[in-house]
Asker: 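Just passing along the structure, written as structure tokens.
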Amino acid sequence: MKAGWIFAFGVVAAATSALAAAGPVVVVNGTGKVLGGIEIREFGGAWAPVGGGLSPGARSALPVSGQGCSYEVSATVAGKPVTWPGLNLCEVKVVTLNRRSDDMVWADYD
């Protein structure tokens, strides 16, 4: 009985992960500084440049082209490279990238 339950759980988990994929996302610059050299990658993948010159508070479409949910976004903020790791972009429409003056970063999701 346990083996059947484990098999069923594995099938459900596989089906759920296959259905979960990041979709179109809007990024909002919540850093208070201009974001330059914006890049995105699916966790463990290659970086892809997606733009730059995003003013504080500005919004821009973020192209997401992977099959998973976990992404990283990198940009230059006030001349420093900054990375927002572990962003879950599944079932999200808007992600706000934030940064404090002590370089702590986080994201808010809508």
Side-chain angles (χ1 to χ4, degrees):
M1 185 88 156
K2 284 185 179 181
W5 181 84
I6 291 170
F7 175 76
F9 176 78
V11 169
V12 170
T16 302
S17 64
L19 294 174
V25 175
V26 171
V27 67
V28 179
N29 179 357
T31 68
K33 305 281 184 187
V34 173
L35 289 180
I38 303 169
E39 297 180 308
I40 187 170
R41 72 176 175 179
E42 190 169 4
F43 183 75
W47 288 104
V50 294
L54 192 61
S55 299
R59 296 171 170 253
S60 181
L62 188 63
V64 179
S65 62
Q67 297 302 310
C69 294
S70 184
Y71 287 80
E72 296 178 293
V73 172
S74 176
T76 303
V77 180
K80 294 181 181 179
V82 178
T83 300
W84 288 266
L87 299 176
N88 181 348
L89 299 185
C90 284
E91 300 180 21
V92 172
K93 302 242 186 272
V94 178
V95 61
T96 302
L97 303 176
N98 300 292
R99 177 186 164 268
R100 290 192 327 208
S101 59
D102 65 358
D103 292 332
M104 182 181 150
V105 297
W106 73 98
D108 294 318
Y109 302 95
D110 291 329

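Positions are given from 1, in the same order as the sequence printed here.
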Asker: To the nearest 0.5 Å, how far apart are SG in Cys69 and CG in Leu89?
Answerer: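 Going from the SG atom of Cys69 to the CG atom of Leu89 covers 8.0 Å.
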
Asker: Short question: side chain of Tyr109, backbone of Asn88 - any donor-acceptor pair under 3.5 Å?
Answerer: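 Indeed, once roles are kept as given, a pair shorter than 3.5 Å links the two residues.
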
Asker: For residues 45-55, which side-chain N or O atoms pair as donor and acceptor with protein atoms under 3.5 Å away, sequence neighbours left out?
Answerer:
none

Asker: Identify, with sequence neighbours excluded, every residue that meets side chain to side chain donor-acceptor pair (under 3.5 Å) alongside Asn98.
Answerer: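 So Asn98 forms a side chain to side chain donor-acceptor pair (under 3.5 Å) with Asp108.
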
Asker: Grab the two heavy atoms, one from Ile38 and one from Ala75, that are nearest each other, plus how far apart they are.
Answerer: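 Scanning both residues completely, I find the closest heavy atoms to be CG1-CB, 4.0 Å.
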
Asker: For Thr31, give me all partners under side chain to side chain donor-acceptor pair (under 3.5 Å), at least two apart in sequence or on another chain.
Answerer: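 Checked Thr31 against side chain to side chain donor-acceptor pair (under 3.5 Å); matches are Asn29.
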
Asker: What's the verdict on side chain to side chain contact (heavy atoms under 4.5 Å, CB included) for Leu62 and Val73, showing C-alpha distance, side-chain angles and the deciding distance?
Answerer: CA-CA 10 Å; Leu62 188 63; Val73 172; 4.2 Å; yes

Asker: At their closest point, which heavy atom of Ser70 faces which heavy atom of Gly86, and how far apart are they?
Answerer: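 Closest pair (atom of Ser70, atom of Gly86, distance): OG-CA, 4.1 Å.
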
Asker: What are the two closest heavy atoms between Gly68 and Cys90, and how far apart are they?
Answerer: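 Closest approach of Gly68 to Cys90: O-SG, 3.9 Å.
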
Asker: For a quick test of reading the model, state the closest non-hydrogen atom pair linking Arg99 to Trp84 and the distance between them.
Answerer: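 The answer is CB-CZ2, 4.5 Å.
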
Asker: Show every salt bridge (Lys or Arg N to Asp or Glu O under 4.0 Å) that has at least one partner inside residues 70-84, sequence neighbours left out.
Answerer: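 Residue pairs with at least one partner in residues 70-84: Arg41-Glu72, Lys80-Asp103.
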
Asker: Remaining members of Val26's ILVMFWY cluster at a side-chain heavy-atom cut-off under 4.5 Å?
Answerer: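 Hydrophobic cluster check, Val26: joined to Val28, Val94.
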
Asker: Could you tell me which residues satisfy side chain to side chain contact (heavy atoms under 4.5 Å, CB included) with Asp102, sequence neighbours excluded, listed by chain and number?
Answerer: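 Asp102 satisfies side chain to side chain contact (heavy atoms under 4.5 Å, CB included) with Arg100, Met104 once adjacent residues are dropped.
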
Asker: Would you say Val34 and Val77 are hydrophobically clustered, going by side-chain heavy atoms of ILVMFWY under 4.5 Å?
Answerer: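 In one cluster with Val34: Val77, no.
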
Asker: Scan for salt bridge (Lys or Arg N to Asp or Glu O under 4.0 Å) pairs involving residues 48-66, sequence neighbours excluded, and state none if there are none.
Answerer: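 For residues 48-66, and leaving out neighbouring residues, there are no salt bridge (Lys or Arg N to Asp or Glu O under 4.0 Å) pairs at all.
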
Asker: Distance from Thr76 atom OG1 to Lys33 atom NZ, nearest 0.5 Å?
Answerer: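 One finds 14.0 Å between OG1 of Thr76 and NZ of Lys33.
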
